[in-house]
There are 4 protein chains.
Amino acid sequence: MARTSTARTEPRRRVRGGKPHKSQRKFEQRRQQIFSGALACFERKGYHETSINDIAEAAGISSGLIYQYFNDKRDLLFQVILEILEAYNRDVPKALVGIKDPITRFQAASIAYYRVIDHRISATLFAYRESKSLDPDQIKILKTKELQTNQMLVDCIQDCVNAGYFATPNAELASYWIVTTAHAWGLKNWRLRKIVSFEDYTRQTLNLLMNGMLTNLGRSHLMGHDLLDGRPL
Amino acid sequence: MARTSTARTEPRRRVRGGKPHKSQRKFEQRRQQIFSGALACFERKGYHETSINDIAEAAGISSGLIYQYFNDKRDLLFQVILEILEAYNRDVPKALVGIKDPITRFQAASIAYYRVIDHRISATLFAYRESKSLDPDQIKILKTKELQTNQMLVDCIQDCVNAGYFATPNAELASYWIVTTAHAWGLKNWRLRKIVSFEDYTRQTLNLLMNGMLTNLGRSHLMGHDLLDGRPL
Amino acid sequence: MARTSTARTEPRRRVRGGKPHKSQRKFEQRRQQIFSGALACFERKGYHETSINDIAEAAGISSGLIYQYFNDKRDLLFQVILEILEAYNRDVPKALVGIKDPITRFQAASIAYYRVIDHRISATLFAYRESKSLDPDQIKILKTKELQTNQMLVDCIQDCVNAGYFATPNAELASYWIVTTAHAWGLKNWRLRKIVSFEDYTRQTLNLLMNGMLTNLGRSHLMGHDLLDGRPL
Amino acid sequence: MARTSTARTEPRRRVRGGKPHKSQRKFEQRRQQIFSGALACFERKGYHETSINDIAEAAGISSGLIYQYFNDKRDLLFQVILEILEAYNRDVPKALVGIKDPITRFQAASIAYYRVIDHRISATLFAYRESKSLDPDQIKILKTKELQTNQMLVDCIQDCVNAGYFATPNAELASYWIVTTAHAWGLKNWRLRKIVSFEDYTRQTLNLLMNGMLTNLGRSHLMGHDLLDGRPL
DNA sequence: AATGAATGAGCGTTCATTCAT
DNA sequence: AATGAATGAACGCTCATTCAT
């Protein structure tokens, strides 16, 4: 009866030993439906103010059905936040495909990170706000996921350091400068968007950060193919 | 039942036209008691998970009494967050007293800002998380309050720009670099504290940001009295 | 959050560290009110078919209040059954006050036992039916309580055996003959009451059981003061 | 939605005028499957705690299919209890086949009754517990069924009385002594099995009861072929 | 000023039952 | 014949808020 506080991910159907669905397709579709409904509600009203019925309504289904796809409301919250973080994890590497030059890779990764935040500002805010409501095991998973994303930035920075382009004593700290300023675009968007455009914010902030990290070698290496020079980002 | 969406601040006693307190002193004391209890609970468990009874118990009073000092639970939340922001507003100016040099003022203000965050990390996290639960009017007030604090930084930066020490096209954006990296120390403290000390974080991050803003004039002016050079911050 | 499956008895108020009630009297009164309402509902409709709202209504209070006196519905069930068993425990000893003769004591105890069942037939049925719904710890407590009551009968029987009046190899088994025939009056009352009166049932059944246990000494000792001889029981 | 309070027994297929089954055999097989699953669940967890899905899973079929064999969950409960009572009805007569002597018949019937309870203790407990959940019409049917079984004992006793072996004013009451003590073996098994074996319980209890009923004629008639004398029951 | 008993709306969750496939 | 996805009413329980004391 008592649920141990493990970070359950599987929908109940599976858990309870039911057979797999006839149609995995239909199953995933429904899941997405609920996901979208839940995300929309959570973003708008927050986790606690959203009732299961709100979600059901937003998803166009009955409330009971949700429990065939998610263990409980908290599980749904977890899944939704996880999905947001995984989107980060998916988008950043995509931006690096085919890019060889270390500094360009760093710039591309950073811009991608800024962009993914910009595209999902309210989802990002929501993830910041509501993670606290999860149980410790789930939070640990989210943190791990976040560190994975950050690691991609850390790797880019370390490559620049190894190539002699960046001089920064702590690559992970440096990665947090990117992460932090990206998130800041979301967290303080209510004000920032009134004083700079997304492009300007990205350009100026990245320039500032790179300025502080570049060696002379890096600075001269960069000339001619700085991603931040070209007009459209 | 129906809540009008005014950002009520006054305790009910006043509102209802009751007589003034025999002892304003006693009144403030009680208020503080409730404040402290509420903040402690909110930080630990979050707003929604905290019940009025939790707060009453933490404050050592009865639950009913809370309603003589605050209109409702949300009002209490509002006051508590307001108090946190006001602490920022109080501490930063204190650090500037007697300092004349623009760059030193900027550094002192920034360090003060970092420090106030560091001293109240969980309160800061809490304010970030729970502001969403307030009603629009209350949120507007908080934003105004936040802009006031930021304005102090903006002013410092603008003074540096005017003196020819900083070259930065947008002083408010620059102030956000301070604000967001300071907040980041709180928001990502779970990870950052494992890779840098508060002092190192502050020193390195401020150095980075200044590096990108200083003019040559500023750079030479700074020599000899850079707050970030002396060992203890 | 997760409640461990201990057999809680105390009302929540006390448990949660609240201060004791101003008026213990009022508290007990309310508790009794809920008790009576719950027992009435449980007897009539069974535990599962009874909703908390049914009980609240029967008790003339609001549903929420129940949770200030009982931990949950199951706790209420437990308390109610416990109360029933304790009534057995109270009534049987009363019947023995001042009686010295072993056989008379045995008869008096048995009659008392039969009587207490007869007076609370539906409560007895209810206890039989619903104990299964309790958690193991609570069931253990009930079993202990039941054994305490039985022990009084065992003692009476053993005294008779020691005095040479009864010859029965197993006093506890013999006590169960009393207990089960008494319970049978409740369990099969729907039929038994159509073929014998309570008095006749008691008289005939006890006579039968004693017949099988009495020694010749016991039989002659009994003459002249057999409780089962006098007309009114 | 509105349930008419008839004691429906027939599976829906029949009711709705569907064609007869290709294979009555298959039909009965399925029915048994569901029966077994339901009984297993009901005994272990009780009626209310068992969900239709539990039963479906235990029976290895889908939940929907149950409704082609039973009207609703209550109907299934009814059938299962009915089946338990019918097992009593089947087993007791079997024990009497070929036996002529009245007292021996009585003994054989009684032992058979004790035995059938012993073999299905948890089913017996379950029937006691859950009958309350049925509707009045269904309960009436169960009572009738129970009286039928009892009647076999009554007949045996009456035969003994008619033959002058037993002196007991009320044969049905006497039959209840058997029934009651047999059921007691189930109801109080948690304790009784710790103080006597099934054989000892049966032997001692039956001896006790017979002692009280036998006439001198009966007593001398019994000599030499008392079923309770031989070692193995 | 202070208490805490009392309320009752509202929540998350379950599950018997239906029905399209 | 058989499935299991879908429904939605109903439950146990919580807690902000009120108010008699």
Side-chain angles (χ1 to χ4, degrees), chain A residues 12-13 18-23 26-27 30 48-56 61-74 76, chain B residues 1 3 13 18 21-23 26-27 30 48-57 61-74 76, chain C residues 12-13 18-23 26-27 30 48-56 61-74 76, chain D residues 1 3 13 18 21-23 26-27 30 48-57 61-74 76:
Chain A
R12 175 162 302 176
R13 299 276 269 321
K19 295 160 197 161
H21 284 259
K22 267 187 202 163
S23 158
K26 181 96 178 293
F27 178 80
R30 271 270 187 259
H48 287 97
E49 281 83 358
T50 298
S51 75
I52 287 288
N53 266 313
D54 290 337
I55 297 171
I61 57 169
S62 70
S63 59
L65 194 54
I66 291 174
Y67 291 87
Q68 296 203 340
Y69 293 83
F70 299 91
N71 286 314
D72 51 25
K73 198 186 169 194
R74 199 183 258 193
L76 183 44
Chain B
M1 183 132 293
R3 281 269 289 104
R13 299 268 280 312
H21 283 266
K22 276 184 205 165
S23 154
K26 181 94 178 290
F27 178 79
R30 272 272 187 256
H48 287 96
E49 281 82 0
T50 298
S51 72
I52 288 288
N53 264 313
D54 289 337
I55 297 171
E57 200 174 331
I61 55 167
S62 71
S63 58
L65 192 54
I66 291 175
Y67 289 85
Q68 295 204 336
Y69 292 82
F70 299 91
N71 287 315
D72 53 23
K73 198 185 168 193
R74 199 184 258 189
L76 183 44
Chain C
R12 175 162 298 175
R13 297 274 269 320
K19 296 160 197 162
H21 284 260
K22 269 186 203 163
S23 158
K26 181 98 178 290
F27 178 79
R30 270 272 186 257
H48 286 97
E49 281 83 359
T50 298
S51 74
I52 287 289
N53 267 314
D54 290 337
I55 296 171
I61 56 169
S62 70
S63 59
L65 193 55
I66 291 174
Y67 292 88
Q68 296 204 342
Y69 293 83
F70 300 91
N71 286 315
D72 53 25
K73 197 186 170 195
R74 199 183 258 192
L76 183 44
Chain D
M1 182 131 292
R3 282 270 288 108
R13 300 266 280 315
H21 283 264
K22 277 183 204 164
S23 155
K26 181 93 178 293
F27 177 79
R30 273 271 188 253
H48 288 96
E49 281 82 0
T50 298
S51 73
I52 288 288
N53 264 313
D54 289 336
I55 296 171
E57 199 175 329
I61 57 168
S62 70
S63 58
L65 193 54
I66 291 175
Y67 289 84
Q68 296 203 335
Y69 292 83
F70 299 91
N71 287 315
D72 53 23
K73 198 185 169 194
R74 198 185 258 190
L76 183 45

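Order of the sequence lines sets the chain letters (A, B, ...), proteins ahead of strands, with each chain counted from 1.
- Heavy-atom minimum distance, C/Asn53 versus C/Ser63: OD1-CB, 3.4 Å.
- Each of A/Gly64 and C/Ser62 lies near DNA chain E, and the nucleotide nearest C/Ser62 is the one positioned closer to the 5' end.
- Each of A/Thr50 and A/Leu65 was matched to the nucleotide of DNA chain E holding its nearest heavy atom; the match closer to the 5' end belongs to A/Thr50.
- Minimum heavy-atom separation, C/Lys73 to C/His48: NZ-O, 3.9 Å.
- Across all their heavy atoms, C/Ser62 and C/Ala56 have their closest contact at C-CB, 3.8 Å.
- Residue contacts for C/Ile66: at a heavy-atom cut-off of 4.0 Å it reaches no nucleic acid atom on any strand shown.
- The distance between atom OH of D/Tyr69 and atom C1' of E/dT17, rounded to the nearest whole Å, is 18 Å.
- Comparing A/Asn53 and A/Lys26 along DNA chain F, the residue whose closest nucleotide (by nearest heavy atom) sits nearer the 5' end is A/Lys26.
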Taking Watson-Crick and G-U wobble contacts under 3.5 angstrom, with | marking pairs to another strand and [ ] crossing pairs, the secondary structure of DNA chain E is written .||||||||||||||||||||

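- Checking F/dA16, E/dG12, E/dA2 against the side-chain heavy atoms of B/Arg30 singles out E/dA2 as nearest.
- The minimum heavy-atom distance between C/Thr50 and C/Ile55, with the atom names listed, is CG2-CG1, 3.5 Å.
- Across the protein-nucleic acid pair, C/Ile61 atom CD1 and E/dG4 atom P stand 19 Å apart, rounded to whole Å.
- Taking 4.0 angstrom as the limit, B/Tyr67 places none of its side-chain polar atoms (N or O) nearer than this to OP1 or OP2 of F/dC19.
- C/Ile52 comes within contact range of the sugar-phosphate backbone alone, with a heavy-atom separation under 4.0 Å but no base atom that close.
- Here CD1 of A/Ile61 is found 7.5 Å from OH of A/Tyr69. Values are rounded to the nearest 0.5 Å.
- Residue B/His48 contributes atom NE2, which lies 12 Å from atom P of E/dC11 at whole-angstrom precision.
- Here the closest heavy-atom approach between residue C/Asp72 and residue C/Tyr67 is recorded as CA-CE2, 3.9 Å.
- Among the heavy atoms of the strands lying under 4.0 Å from B/Ser63 is at least one base atom, whether or not backbone atoms are also near.
- The nearest whole Å value for the distance from the CD1 atom in B/Ile55 to the C1' atom in F/dA16 is 11 Å.
- Distance, B/Gln68 CD to F/dA20 C1': 14 Å, rounded to whole Å.
- Legend: residues meeting side-chain hydrogen bond (donor to acceptor under 3.5 Å, both in side chains) with B/Ser51, ordered by chain and number and at least two apart, are B/Asp54.
- Put simply, CZ on A/Arg74 is 15 Å from C1' on E/dT13, counting in whole angstrom units.
- Distance NZ (C/Lys73) to P (F/dC11): 9 Å, rounded to an integer number of Å.
- If you take CG of D/Asn71 and C1' of E/dT18, they are 14 Å apart, rounded to a whole angstrom.
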